[in-house]
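This report concerns only the one structure given below.
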Amino acid sequence: DEAIHSDSWCVRYRTELEDKYNRRLSITTELKRALASQQNELSMVYQPKIDLQTMKVCSMEALIRWNNSVLGFVPPDEFITIAEQAGLIEQVTTWVMKQTISDLAYFRGMGYGFTVAMNLSTQDIQNKVLLGKLVSLLTQEGLSPEALELEITESDLVADASLAIENLNELTARGFHFAIDDFGTGYSSLAYLKNLPVKTIKIDKSFILSLASDENDQQIVHTVLSLANVFNLKVVAEGVEDVASLEILKDWGCDIVQGYYISRPLSRSDLEDWLQNTPFGE
Ligand code: C2E
Ligand code: MG
Ligand code: MG
Ligand code: MG
């Protein structure tokens, strides 16, 4: 009886592994196809960030979306990780850069002054060819690096610190600005960040989503905000879903908020409409 039991456990475990493997394989295959085809499977959406002093839009975070005919909607958290492991991240980021910079130029052409924040993986930060492309895309559109912010996840940075610092310094010298994304999840400290050319941290949404009701989150966020003030860092809170959390963050000196309370991520044309109707417009 026990043998049967352990055998079925084994089978179930193996099936789970096979499922995971198959999912990974189809994501890799489909993503390769999506990158090569012209079928608009990939798209960019933009989520507004609001300056809490002026209550106006100051920036947009560019976020990739993928809708595949076989797999349906695949969340970026899932396929970006797989792209990194499958050697596809350079192609993905190239696609993101082209789209984002062209959309940024479009909005600048309409007279909007907001910056756009792009997410990069650590592999991207170490890829000189890719960074060269970034500079020439900006130049082609007549934009300066200051129009762009680059977000890097805290845990990536901590894992690859020595390599990353050199590249961050080089890019900073060229005029790029960096923000540390998902701050609070990567086991670094603000004192450590002081040695990096970073002026902005984004507090991870896991501390912000229930801020108005969770005392632990309040304590963490309050501490981060007071320390960030000491270190002269700008703080963005992501995942602001209600006005109560926004008010707390404002009281405690947070600089910028982003979240569903302001707006969900929007396609370029939806963003155009939103900008014309929002009380947070420039
Ligand atoms: P992230 O950079 O931390 O982006 C913020 C995520 O929080 C986004 O998820 C956004 O939709 C979500 N979010 C924003 N406000 C709220 C809110 O009020 N409530 C809730 N529940 N969620 C909110 P998304 O778009 O699914 O992206 C997930 C992650 O995938 C990103 O986290 C980023 O790490 C990665 N990612 C997305 N686009 C790109 C890209 O173009 N390149 C790279 N390398 N990574 C990307
Ligand atoms: Mg981000
Ligand atoms: Mg984040
Ligand atoms: Mg994240």
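Excluded from the calculations below are hydrogen atoms, water molecules and symmetry mates; all remaining heavy atoms, backbone and side chain alike, are included. Sequential numbering from 1 along the given sequence is applied to the chain's residues. For clarity, every value in this text was computed on a predicted model and none was experimentally measured. All ligand and atom numbering here is 1-based and tracks the order in the structure.
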Polar atom proximity, [X] to ligand 1 (N or O, under 3.5 Å):
X: Y261; result: no
X: G259; result: no
X: R65; result: yes
X: Q258; result: no

Cationic N near anionic O, under 4.0 Å, [X] to [Y]:
X: E149; Y: K49; result: yes
X: R33; Y: E41; result: yes
X: E151; Y: K202; result: yes
X: E146; Y: R174; result: no

Item to complete: Have a look at E61 and say which of its N, O or S atoms is nearest the Mg ion (ligand 2).
Response: OE2

Worksheet, complete the sentence: The atom name of the N, O or S atom in D181 nearest to the Mg ion (ligand 2) is OD2

Heavy atom of [X], distance to ligand 1 below 4.0 Å:
X: E61; value: yes
X: I208; value: no
X: P265; value: yes

Discussion item. Under the criterion side chain to side chain contact (heavy atoms under 4.5 Å, CB included), I'd like the reasoning laid out for L104 against L143: C-alpha separation, chi angles, the key distance, then a yes or no.
Written reply: CA-CA 9 Å; L104 173 58; L143 295 166; 3.9 Å; yes

Under 4.0 Å, heavy-atom basis, I'd like to know which part of [X] is in contact with ligand 1: side chain, backbone, both or neither.
X: L63; result: both
X: V240; result: backbone
X: D124; result: neither
X: Q47; result: side chain

Item to complete: Compare every heavy atom of Q258 with every heavy atom of P48, then report the nearest pair and how far apart it is.
Response: O-CG, 3.8 Å

Practice prompt. Return yes when atom CD of E78 has more than 12 non-hydrogen atoms of other residues, nucleotides or ligands closer than 6.0 Å, and no otherwise.
Written response: yes

Discussion item. Using a 6.0 Å cut-off, check whether atom CD of E215 has over 12 heavy atoms from anything other than its own residue.
Written reply: no

From the options [options], select the one whose nearest heavy atom is closest to [atom].
atom: atom 44 (N) of ligand 1; options: D204, D77, N119; value: N119
atom: atom 1 (P) of ligand 1; options: D181, T185, V257; value: D181
atom: atom 21 (N) of ligand 1; options: K205, R264, E241; value: E241
atom: atom 26 (O) of ligand 1; options: A62, A179, P76; value: P76

Discussion item. Please determine whether ring pair (Phe, Tyr, Trp, His ring centres under 6.0 Å) holds for the pair F79 and W66, giving the CA-CA distance in whole Å, both sets of side-chain angles, and the decisive distance to 0.1 Å.
Written reply: CA-CA 9 Å; F79 76 81; W66 181 25; 5.2 Å; yes

Worksheet item: Mind checking what makes ring pair (Phe, Tyr, Trp, His ring centres under 6.0 Å) contact with W95, not counting sequence neighbours?
Response: none

Worksheet item: Is N119 close enough to the Mg ion (ligand 2) to have an N, O or S atom under 2.8 Å?
Response: yes

Discussion item. So that I can check it, does any N, O or S atom in E151 come closer than 2.8 Å to the Mg ion (ligand 3)?
Written reply: no

Discussion item. Any N/O/S atom from D204 (main chain or side chain) under 2.8 Å of the Mg ion (ligand 3)?
Written reply: no

Discussion item. For Y260, does the six-membered ring have the charged nitrogen or CZ of R264 within the cation-pi criterion, i.e. under 6.0 angstrom from the centroid and within 45° of the normal?
Written reply: yes

Fill in: Pair listing, side-chain hydrogen bond (donor to acceptor under 3.5 Å, both in side chains) test, anchored in residues 99-114, at least two apart
Y46-D103, D103-R268, Y106-E272

Discussion item. Please check: side-chain N/O of S136 versus main-chain N/O of K133, any donor-acceptor pairing under 3.5 Å?
Written reply: yes

Fill in: Atom name, D182 (N, O or S, nearest to the Mg ion (ligand 3))
OD1

